[in-house]
Enquirer: 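If you scroll down you'll find the structure; I have some questions about it.
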2 protein chains.
Amino acid sequence: MSNRVTIVDVAAKAGVAISSVSSALNNRPGVSEDTRRRIVAAAKELGFVPSLRGRSLSAKRAFTVGLVVHRDPYVLESDPFFGSFIGGIETVLDPRGYALILQMGSEPVETLDRYRTLAANRRVDGVFISDLGVDDPRIPLVLELGLPAVGVNADPGFPLTAVRQSHVEGIRELVEHLVGLGHTRFAHVTGPHEFIHAAQRLRAWSDALEAAGLPVGEIVEGDFTYDGGVAAANGLLAGRAIGDRPTAVMCSNDLSAIGFLGRAGELGLRIPDDLSVAGFDGIDLGTYVRPTLTTVATNPRLLGVEAARLLLETIETIDGMAVADVDIEPARLVVRTSTGPAPHPR
Amino acid sequence: MSNRVTIVDVAAKAGVAISSVSSALNNRPGVSEDTRRRIVAAAKELGFVPSLRGRSLSAKRAFTVGLVVHRDPYVLESDPFFGSFIGGIETVLDPRGYALILQMGSEPVETLDRYRTLAANRRVDGVFISDLGVDDPRIPLVLELGLPAVGVNADPGFPLTAVRQSHVEGIRELVEHLVGLGHTRFAHVTGPHEFIHAAQRLRAWSDALEAAGLPVGEIVEGDFTYDGGVAAANGLLAGRAIGDRPTAVMCSNDLSAIGFLGRAGELGLRIPDDLSVAGFDGIDLGTYVRPTLTTVATNPRLLGVEAARLLLETIETIDGMAVADVDIEPARLVVRTSTGPAPHPR
DNA sequence: TACCTTTACCGAAACGTTTCGGTAGCATTT
DNA sequence: AAATGCTACCGAAACGTTTCGGTAAAGGTA
């Protein structure tokens, strides 16, 4: 509609050169306090907002960062991680004049192409890499593209900047909690094996049990979905005598734990009297189901905040990519009513 | 890193002017088939990708559209709508070279500011307006800003282009289903009254009952959350004799219906024997809970696809904003096991 | 007074496209 | 043979910033 007010208009109004306007508004030296005030006044009066397009071209920056979600639609739908994670990212980006581009790729290949396109036309200045997989192809890709990136909950040895929330303390606390309740027969329902966090959680669980001198027990592969929890419950519980069943089960995330819980109830098990069940994540839904879900609560929002901070720092670090990793406070055990004393063997 | 290959490099390699390269690559007339081929070859060989930044500045377009989510974090977390909606948007945007900027504002005021900033520095070429409220302030805002926009599930009379999925057929089917099962005492748990879709659903429910010649029954305000469903169940069911209770309840969304279901179970009611419960949305979780949830299933993904199509069309329509609305196929009743024959009065 | 340094400001180039007006060259018409 | 029209191509301007080199004026030193 009405033509935009540009830096030229401001310069004309203030009676100075456009370079002076630029210097004044960006707080660069070389302009007297007096004219600076005059320029600022003119800019304000005209309602001048610097054009991102002009700035982008000149600064060779997009002032935009990207997040490519690489999950199949259903998991994304019911996963509360991203809402909070993105919310956290936003709080950092917005005040610094950056925005977030969100893309979704259902297929891993598709996801890679998204990164490639994003980088090719320089749409973003950097990317987040979440839901890391084992031998994740995105890592060599961003290295090859020279695209600034930060990883979320990466393994040690990760070649890029990373933000992490440790899971080991919380899972150790969970094991200690269960051991303290007298449990001796355990089981673990994992997430899809291609995700490293599924492996990380299993590992912490096994280590803690081993440290307690107890057998690790059964391990069945789940898929992070409600349905996967149901399936796991069928496998671990259906048609088994009490002495043949685990008495304490950890599922790799809350959603599958809730599925497990539901199915266990249908199978006639009383929870936590006959069986203790715990999850991992700390989603709100876990406080609503009955029994309420014991879990290890993570903080995706804070993870988003720190990831964004790191990414901007990486982008604005001219030289190498020597930005230090950040560890936020570990995830912690939250005891609710889905765990209780081990049943008396009869 | 390595300096980018630009249109100048391609022109040099092909031995033509840069304007010819531009014409050739954008399939504009005025360049012979022969040189066009030569240019395309040179571009391919050099791996030329036009810079979005240069294009943006020249074309006065950002090739980006925005979605500002204006919900409180918890609702977003558990709401499956956005995952699918965004997924649908993506499938249209990507092939046309557009990207989606996602912003989140928890406070309505904050949300408005986001739109304002987005428009001020021309970061986006258009926006989606979802979760419309009554007298939504975003409508006058985008009109004032001259920002192309499309509304999602807007009321009739909406002054901008809109995409809609009708809810009335599905809700009518639900009422007919319940009436056919012999129910006569109904109740409705609404969503927050500031959202128009909450009002739209209540209206369709009331109209259908009225058309069936039955009393509308009790109406309690919920908030679209699991917790809100629990609270509604307490209000409608706790401490009431059977003859004093509704026998069929519709909740304005699935999540609250699932909360309602859970609380009703705790209160000792058998579902669907003592009480029928239905929701609205068609989220996957509804197929996992027991009993499985009867609902009216919407199609957020398709809504996203059509919304994106419309928005791009609006943006690319030079003149007025004469882009026709789109109605996708209505939401439909999905009968599961949370609804059944009305209990025999005793 | 003559010289040097600093400061405040300006003009122009650069970023990478698209678009518009212009100009040769050629074929067609009269 | 002159006038006309069309095609293929080129050069330059425009988009809106930031940055860099330059210059005049002011101030400091010998």
Side-chain angles (χ1 to χ4, degrees), chain A residues 1-40 42-43 46-64 97 119-123 125 316 318, chain B residues 1-40 42-43 46-64 97 119-123 125 316 318:
Chain A
M1 315 276 122
S2 62
N3 250 342
R4 245 186 115 50
V5 24
T6 88
I7 198 172
V8 183
D9 304 321
V10 179
K13 172 141 198 157
V16 296
I18 62 169
S19 50
S20 301
V21 177
S22 181
S23 299
L25 297 183
N26 293 305
N27 287 314
R28 304 230 180 297
V31 42
S32 73
E33 198 46 47
D34 196 48
T35 50
R36 183 186 305 273
R37 258 195 297 273
R38 198 151 39 91
I39 290 170
V40 169
L46 294 175
F48 170 68
V49 180
S51 149
L52 196 71
R53 308 223 236 298
R55 238 152 53 89
S56 282
L57 186 58
S58 178
K60 294 163 173 270
R61 287 241 203 101
F63 301 100
T64 305
N121 47 33
R122 295 287 202 265
R123 205 186 249 287
D125 301 322
E316 280 159 12
I318 331 288
Chain B
M1 317 274 121
S2 61
N3 250 342
R4 240 186 120 50
V5 24
T6 85
I7 198 172
V8 183
D9 305 321
V10 179
K13 173 141 197 156
V16 296
I18 61 170
S19 52
S20 300
V21 178
S22 180
S23 298
L25 297 183
N26 292 304
N27 286 316
R28 304 231 179 295
V31 40
S32 73
E33 199 47 46
D34 196 46
T35 50
R36 181 187 306 272
R37 258 196 295 273
R38 198 151 37 91
I39 290 172
V40 169
L46 293 176
F48 170 68
V49 181
S51 150
L52 196 70
R53 308 225 234 304
R55 237 152 54 88
S56 282
L57 186 58
S58 178
K60 294 162 172 273
R61 286 241 202 102
F63 301 101
T64 304
N121 46 33
R122 295 286 202 265
R123 204 187 249 288
D125 300 323
E316 281 159 10
I318 332 289

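Convention: sequence-line order gives letters A, B, ...; per-chain numbering from 1. These numbers were taken from a predicted model, which means no experiment stands behind them.
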Enquirer: Could you tell me whether the side chains of B:Thr64 and A:Arg123 share a donor-acceptor contact shorter than 3.5 Å?
Expert: yes

Enquirer: Report which part of the nucleic acid A:Val16 touches: base, sugar-phosphate, or nothing (heavy-atom distance under 4.0 Å, all strands).
Expert: sugar-phosphate

Enquirer: Under 4.0 Å between any heavy atoms, over every strand shown, what does B:Val21 touch: base, sugar-phosphate, or nothing? Just pick one.
Expert: nothing

Enquirer: Of all nucleotides in DNA chain D with an atom under 4.0 Å from a non-hydrogen atom of chain A, which is the first and which the last going 5' to 3'?
Expert: D:dG16 to D:dT19

Enquirer: Want to settle it: does B:Ala59 or B:Gly30 sit nearer the 5' end of DNA chain D, counting the closest nucleotide to each?
Expert: B:Gly30

Enquirer: Any chance you could measure B:Ile39, atom CD1, to B:Ile7, atom CD1, to the nearest 0.5 Å?
Expert: 9.0 Å

Enquirer: When B:Lys13 is tested against each of B:Val21, B:Val8, B:Leu46, B:Val5 for side chain to side chain contact (heavy atoms under 4.5 Å, CB included), which residue passes?
Expert: B:Leu46

Enquirer: Mind checking B:Thr35 for me? I need base, sugar-phosphate or nothing, with any heavy atom below 4.0 Å counting as a touch.
Expert: sugar-phosphate

Enquirer: Could you work out how much the helix from C:dT1-D:dA30 to C:dT30-D:dA1 bends, comparing the axis of its first five pairs with that of its last five, to 10°?
Expert: 60°

Enquirer: Under 4.0 Å between a side-chain N or O of A:Ser32 and OP1 or OP2 of C:dT7?
Expert: no

Enquirer: Within the structure shown, what part of the strands sits under 4.0 Å from A:Ser51 by heavy-atom distance: base, sugar-phosphate, or nothing?
Expert: sugar-phosphate

Enquirer: Test your reading of the model: is there a side-chain donor-acceptor pair from B:Arg122 to the backbone of A:Ser51, 3.5 Å cut-off?
Expert: no

Enquirer: Using a 4.0 Å heavy-atom cut-off, does B:Val10 contact any base of the nucleic acid, only the sugar-phosphate backbone, or nothing at all?
Expert: nothing

Enquirer: Looking across every strand, which nucleic acid part, if any, lies under 4.0 Å from A:Arg53 by heavy atom: base, sugar-phosphate, or nothing?
Expert: nothing

Enquirer: Quick one: pull up CZ in A:Arg4 and CG in B:Asn121 and give me the separation to the nearest 0.5 Å.
Expert: 7.5 Å

Enquirer: Looking for any heavy atom pair under 4.0 Å, which part of the strands does A:Ser22 touch: base, sugar-phosphate only, or nothing?
Expert: base

Enquirer: Nearest 0.5 Å, what's the OG1-CD1 distance between B:Thr6 and B:Ile18?
Expert: 8.0 Å

